[in-house]
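Single-structure report; data block below.
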4 protein chains.
Amino acid sequence: MAWEFNGKSPIFKQINDIIISKIIKGDYKSGEKLASVRDLAVEAGVNPNTMQRALSEIEGTGLLTTLRGDGRYITEDKELIGKFRQRFIEESTAEFLGKMRALDFSKDEIISIISKINM
Amino acid sequence: MAWEFNGKSPIFKQINDIIISKIIKGDYKSGEKLASVRDLAVEAGVNPNTMQRALSEIEGTGLLTTLRGDGRYITEDKELIGKFRQRFIEESTAEFLGKMRALDFSKDEIISIISKINM
Amino acid sequence: MAWEFNGKSPIFKQINDIIISKIIKGDYKSGEKLASVRDLAVEAGVNPNTMQRALSEIEGTGLLTTLRGDGRYITEDKELIGKFRQRFIEESTAEFLGKMRALDFSKDEIISIISKINM
Amino acid sequence: MAWEFNGKSPIFKQINDIIISKIIKGDYKSGEKLASVRDLAVEAGVNPNTMQRALSEIEGTGLLTTLRGDGRYITEDKELIGKFRQRFIEESTAEFLGKMRALDFSKDEIISIISKINM
DNA sequence: GTGGTCTAGACCACT
DNA sequence: GTGGTCTAGACCACC
């Protein structure tokens, strides 16, 4: 599956989100070795530099660690991954509820809206 | 209340969102006259050019109309405002549900999460 | 004065150090506007991209803030600058003393060594 | 005590520094036989190739000599060790004073700072 | 082979 | 004009 990007935010940031999301979701498992920068770049259809930038930025979160001359690994700290997962859920929910609340929807109304959606 | 901006997205877009949100919510009422570009710019703490650009862009949606030599008015087309309101709700919901679904949450689980939140 | 780099660490990191050092020292004053990326790149004799990278990394420290389409400014938070200055001094001293202590030098001996140096 | 490395500089260089520092300090004594590459590699927790590279590089300084089929020995040239010790001290001091001087500290101020530190 | 850095040059969005 | 992003391609150090 090719990666798809929109023009709303920089590609490297979208890559960040995608990869972090894959880690959070478990597609990339704790301790697992990541594909090489070049391979990931090909897979995502971007320049290796762009992929490189995205990856090194994720590094700052601790979710990824680099072994020089070897490759990149997903952190073995499952607790950290859990924290990110939790934070992601909370932030997404807060953002959504904030918007809806601004339009004076009550909690019950919001739940009612969601209930009617097929998924 | 002063307007607050973050550096993540263009200021004029954030202004757009704020103003449209005020129209949708009813803070700016249908048919009402808008403050002058200059005054709005001062209120928001931005360059008049930036405010100008934001307003003309909103104009493109039909939510705002200009009366030459007089000023800008919120559209009297309440149906249009309703449409925007509806679209905003749908987009926000879809975005939120998309993120949660990516983490394998079911609809029931999502509702359960929201139910537990105080608001 | 042209900027000089050694091959021991990446250029962009050396640029970081130089700029932070200039802020700490007061060569770049609090609130002052920085030269443009392109100009700084010319001054330092590096590619604009390299300078860009250095600057945006400094941004993360809060020492620099960016105004879109305008330019970069040294933070007005003098307390923050003071903190960095203090931290820099402490780290440098600790590193030096650590090395000397590893060779079993006493504090008095270290002071004696420094005293004999011309500066 | 296990060896600890950071990702800032090459591991083999960090190994160099550690071993040279042990020779300079006298932990590894003049004329003494060094453990085997394999054992040292295990002790340091690195790939034998890496340890090998570090050792051969130190060899270039004369601090270590290899006796084919026997092993590696710390040089018996105590004067050489002394020189390295001296050079290490001078370099460390110069680096430290350089940094402090860049912040406009006088020699007296530097000495005063050191005097106040507990060690 | 792997990650990391740098250059060169282009294009875009924002003020 | 300013910062920001992206591509392309090269080179290096490390394991």
Side-chain angles (χ1 to χ4, degrees), chain A residues 5 7-16 33-42 44-59 64-73, chain B residues 5 7-16 41 45-54 57, chain C residues 5 7-16 33-42 44-59 64-73, chain D residues 5 7-16 41 45-54 57:
Chain A
F5 306 107
K8 290 176 196 165
S9 72
I11 292 182
F12 78 89
K13 249 177 196 164
Q14 298 184 50
I15 294 179
N16 274 4
K33 186 175 184 172
L34 217 57
S36 78
V37 180
R38 293 161 178 81
D39 287 352
L40 282 173
V42 170
V46 300
N47 185 290
N49 278 324
T50 306
M51 182 56 73
Q52 169 88 11
R53 176 167 179 188
L55 293 176
S56 45
E57 228 160 89
I58 298 179
E59 211 116 308
L64 247 41
T65 58
T66 297
L67 261 57
R68 350 161 103 271
D70 179 3
R72 280 193 177 79
Y73 293 81
Chain B
F5 307 106
K8 291 173 193 167
S9 72
I11 290 183
F12 83 89
K13 229 172 200 173
Q14 299 183 49
I15 293 179
N16 275 5
V46 301
N47 188 301
N49 285 324
T50 307
M51 182 55 74
Q52 172 75 26
R53 174 165 180 188
E57 213 151 289
Chain C
F5 306 108
K8 291 175 193 165
S9 72
I11 292 182
F12 78 89
K13 249 177 197 165
Q14 298 184 50
I15 293 179
N16 274 4
K33 185 175 186 174
L34 218 57
S36 80
V37 180
R38 293 161 177 81
D39 288 352
L40 282 173
V42 170
V46 300
N47 185 290
N49 278 324
T50 307
M51 181 57 71
Q52 170 88 9
R53 175 167 181 189
L55 292 177
S56 46
E57 229 162 86
I58 298 180
E59 212 117 309
L64 247 41
T65 59
T66 297
L67 261 57
R68 351 162 100 270
D70 179 3
R72 278 193 177 82
Y73 293 81
Chain D
F5 306 107
K8 291 173 195 167
S9 73
I11 293 184
F12 81 88
K13 229 171 202 175
Q14 298 183 50
I15 294 178
N16 274 6
V46 299
N47 188 300
N49 285 324
T50 307
M51 181 56 74
Q52 172 75 26
R53 173 164 181 190
E57 213 151 289

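Per chain, numbering begins at 1; letters A, B, ... match sequence-line order. Only heavy atoms go into these numbers, but all of them, side chains included; no hydrogens, no water, no symmetry mates. Keep in mind the model is a prediction, meaning the values are calculated, not measured.
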Without decimals, in angstroms, what is the distance between [X] [atom1] and [N] [atom2]?
X      : N       : atom1 : atom2 : result
I15(B) : dT15(E) : CD1   : C1'   : 12 Å
R72(A) : dG3(E)  : CZ    : P     : 6 Å
Q14(A) : dT5(F)  : CD    : C1'   : 12 Å
K33(A) : dT2(E)  : NZ    : P     : 7 Å
K13(B) : dA13(E) : NZ    : P     : 9 Å
F5(C)  : dC6(E)  : CZ    : P     : 9 Å
E57(D) : dA13(F) : CD    : P     : 11 Å
L34(C) : dG3(F)  : CG    : C1'   : 12 Å

**Validation row: R72(C), V37(C) side chains within 4.5 angstrom (heavy atoms)** = yes
**Message:** Do L40(C) and I15(C) make a side-chain contact, defined as non-hydrogen atoms from C-beta onward lying under 4.5 Å apart?
**Reply:** no
**Fill in**
Here the residues of residues 45-53 of chain A within 4.0 Å heavy-atom distance, strictly under, of DNA chain E are N49(A), Q52(A)
**Message:** On DNA chain F, does the nearest nucleotide to D39(C) precede the nearest nucleotide to S9(A) from the 5' side, or the other way round? Give the residue.
**Reply:**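 By nearest-heavy-atom nucleotide position, the 5'-most residue is D39(C).
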**Nearest listed nucleotide, side chain of T66(C), among dC15(F), dT15(E), dG4(F)** =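 Selected nucleotide: dG4(F).
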Out of curiosity, [X] [atom1] to [Y] [atom2], how far, rounded to the nearest 0.5 Å?
X      : Y      : atom1 : atom2 : answer
Q14(A) : I11(A) : CD    : CD1   : 6.5 Å
F12(C) : N47(C) : CZ    : CG    : 14.0 Å
Y73(C) : L34(C) : OH    : CG    : 10.5 Å
K13(A) : N16(A) : NZ    : CG    : 8.5 Å
T65(A) : I58(A) : OG1   : CD1   : 12.5 Å
N49(A) : M51(A) : CG    : CE    : 11.5 Å

**Message:** Please give the stem ranges for DNA chain E, sorted by first residue number, where a stem is three or more consecutive Watson-Crick or G-U pairs and both donor-acceptor distances are under 3.5 Å.
**Reply:** E:1-14 with F:1-14
**Prompt:** Nearest nucleotide by nearest heavy atom, which residue falls closer to the 5' end of DNA chain E, I11(C) or V37(A)?
**Reply:** V37(A)
**Item:** Listed partners of D70(A) passing salt bridge (Lys or Arg N to Asp or Glu O under 4.0 Å), at least two apart
**Value:**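 Once residues adjacent in sequence are excluded, the partners of D70(A) under the salt bridge (Lys or Arg N to Asp or Glu O under 4.0 Å) criterion are K33(A).
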**Check: dG3(E) base within 3.5 Å donor-acceptor of R38(A) side chain** =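 Per atom types, the contact qualifies.
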